[in-house]
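These notes are about the structure you will find just below.
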Amino acid sequence: MMHLMGRLKRFTSTFIEPRLQALGYTDFKLSYLVFLSSIDEQGITNSELAKQAGVTKQMTSKIVSLLEEAGYIYTQKKSVDCRSSLIFLSDRGKALFVQLKGCMQEVRSRFDALVGHGRIEQMIETITQLVDELDKVE
C-alpha cells in the first residue's frame with residue numbers, strides 16, 4: 001500500500017510542479033501545499049499552522065520564512081497580542097491556488113480517462129470519509 005501511495009504522490013508531483021513552474025511558480029514545491037492550504041481569510045498563527053500540518057513549530061517557522069520570502073504569504077502582528085503574528089495568503093499565494101486548481105483538473109481528467117469517472121468519484125468519497133474518520137480519532 002505504501003508503494004501505491006508513493007507512486008500516486010510522485011505522479012502528482014511530477015505532473016503538477018512543471019506546469020506551475022512554466023506559469024512562473026519556479027520556487028514552489030508541492031510539499032508546501034499542506035501549509036498554504038491551512039491558511040484561511042482570518043489568518044493563522046505559526047502554532048496553529050504547525051498543528052494542522054503535523055510538524056514542529058520550528059519546521060513551520062522555516063517553511064513560513066521561505067513562503068514569505070517567495071511572496072506566497074505575509075505575516076502581520078496580532079493587534080491584541082503583538083508578541084504573536086498571523087499568517088495570510090498574499091495575492092501571489094491566492095493566484096497560485098487558481099493555477100493549482102487548473103492543474104488538479106488536468107490530473108482528474110487524466111485519472112477519469114484511465115479508470116473511469118465513477119471509479120475516481122468513489123475513490124475520492126472513500127478517501128474523504130477515511131480522512132474525516134481519522135480527524136475524529138486524532
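Everything numeric in this text was worked out from a predicted model, so none of it was measured. As a basis for the values below, the full set of heavy atoms in this structure was taken, side chains included, without hydrogen atoms, waters or symmetry mates.
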Linking Ile, Leu, Val, Met, Phe, Trp and Tyr through side-chain heavy atoms less than 4.5 Å apart, which residues share a cluster with [X]?
{"X": "Met5", "value": "Met1"}
{"X": "Tyr74", "value": "Leu86, Phe88"}
{"X": "Leu130", "value": "Leu134"}

Other residues, nucleotides, ligands: >12 heavy atoms within 6.0 Å of Asp40 CG:
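Atom CG in Asp40 is crowded, with more than 12 foreign heavy atoms closer than 6.0 Å.
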Can you tell me if Thr128 and Glu125 form a side-chain donor-acceptor pair at under 3.5 Å?
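No, no side-chain donor-acceptor pair sits under 3.5 Å.
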Heavy-atom donor-acceptor pair, Gln52 side chain to Leu49 backbone, under 3.5 Å:
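No; zero donor-acceptor contacts below 3.5 Å.
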I need the [X] [atom1] to [Y] [atom2] distance, nearest 0.5 Å.
{"X": "Leu23", "Y": "Gln99", "atom1": "CG", "atom2": "CD", "answer": "4.5 Å"}
{"X": "Ile39", "Y": "Ile44", "atom1": "CD1", "atom2": "CD1", "answer": "7.0 Å"}
{"X": "Ile124", "Y": "Gln129", "atom1": "CD1", "atom2": "CD", "answer": "14.0 Å"}
{"X": "Tyr25", "Y": "Cys103", "atom1": "OH", "atom2": "SG", "answer": "10.0 Å"}
{"X": "Phe15", "Y": "Leu20", "atom1": "CZ", "atom2": "CG", "answer": "10.5 Å"}

Could you list the residues that satisfy side-chain contact (heavy atoms from CB on, under 4.5 Å) with Asp135, not counting sequence neighbours?
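Asp135: side-chain contact (heavy atoms from CB on, under 4.5 Å) contacts with Val131, Glu138.
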My understanding is that only residues two or more places apart in sequence, or in another chain, count here; which of them pass side-chain contact (heavy atoms from CB on, under 4.5 Å) with Thr126?
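Residues passing side-chain contact (heavy atoms from CB on, under 4.5 Å) with Thr126: Gln122.
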For Glu133, enumerate each residue passing the side chain to side chain donor-acceptor pair (under 3.5 Å) test, keeping only those at least two apart in sequence or located in another chain.
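Here the qualifying residues are Lys136.
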Mind jotting down which residue pairs meet the ring pair (Phe, Tyr, Trp, His ring centres under 6.0 Å) criterion with at least one end in residues 119-138? Sequence neighbours excluded, please.
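Listed by first then second residue: nothing to list.
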Could you list all the ring pair (Phe, Tyr, Trp, His ring centres under 6.0 Å) pairs where at least one residue sits in residues 54-73, not counting sequence neighbours?
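Checked against ring pair (Phe, Tyr, Trp, His ring centres under 6.0 Å) - neighbours excluded - the pairs reaching residues 54-73 are Phe28-Tyr72.
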With sequence neighbours excluded, tell me which residues meet ring pair (Phe, Tyr, Trp, His ring centres under 6.0 Å) with Phe35.
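Ring pair (Phe, Tyr, Trp, His ring centres under 6.0 Å) list for Phe35, sorted by chain: empty.
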Run the side chain to side chain contact (heavy atoms under 4.5 Å, CB included) check on Leu96 and Leu89 step by step: do they pass?
CA-CA 10 Å; Leu96 170 73; Leu89 283 177; over 6 Å; no
Ile73 side chain near Tyr32 side chain, heavy-atom distance below 4.5 Å
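The answer is no; the side chains never approach within 4.5 Å.
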Using atom types as modelled, flag every donor-acceptor pair under 3.5 Å from a side chain in residues 6-13 to any protein atom, sequence neighbours excluded.
{"unit_1": "Thr12", "atom_1": "OG1", "unit_2": "Leu8", "atom_2": "O", "d": "2.8"}
{"unit_1": "Ser13", "atom_1": "OG", "unit_2": "Lys9", "atom_2": "O", "d": "3.2"}

What's the shortest heavy-atom distance between Glu106 and Arg19, and which atoms?
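What the structure gives for the nearest pair is OE1-NE, 3.2 Å.
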If you compare all heavy atoms of Arg92 against all heavy atoms of Gly24, which two are closest, and at what distance to 0.1 Å?
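What the structure gives for the nearest pair is NH2-O, 3.3 Å.
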Check: residues 111-119 side-chain donor-acceptor pairs under 3.5 Å, at least two apart:
{"unit_1": "Asp112", "atom_1": "OD1", "unit_2": "Arg108", "atom_2": "NE", "d": "2.8"}
{"unit_1": "Asp112", "atom_1": "OD2", "unit_2": "Arg108", "atom_2": "NE", "d": "3.3"}
{"unit_1": "Asp112", "atom_1": "OD2", "unit_2": "His117", "atom_2": "ND1", "d": "3.0"}
{"unit_1": "His117", "atom_1": "ND1", "unit_2": "Arg108", "atom_2": "NH2", "d": "3.1"}

Can you give the donor-acceptor pairs under 3.5 Å from side chains of residues 59-68 to other protein atoms, not counting sequence neighbours?
{"unit_1": "Thr60", "atom_1": "OG1", "unit_2": "Thr56", "atom_2": "O", "d": "3.0"}
{"unit_1": "Ser61", "atom_1": "OG", "unit_2": "Asn46", "atom_2": "ND2", "d": "3.1"}
{"unit_1": "Ser61", "atom_1": "OG", "unit_2": "Lys57", "atom_2": "O", "d": "3.0"}
{"unit_1": "Ser65", "atom_1": "OG", "unit_2": "Ser61", "atom_2": "O", "d": "3.1"}
{"unit_1": "Glu68", "atom_1": "OE2", "unit_2": "Thr75", "atom_2": "N", "d": "3.3"}
{"unit_1": "Glu68", "atom_1": "OE2", "unit_2": "Thr75", "atom_2": "OG1", "d": "3.0"}

Does Val98 share a hydrophobic cluster with Leu30, counting links as ILVMFWY side-chain heavy atoms below 4.5 Å and allowing steps through other members?
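The answer is no; the residues belong to distinct hydrophobic clusters.
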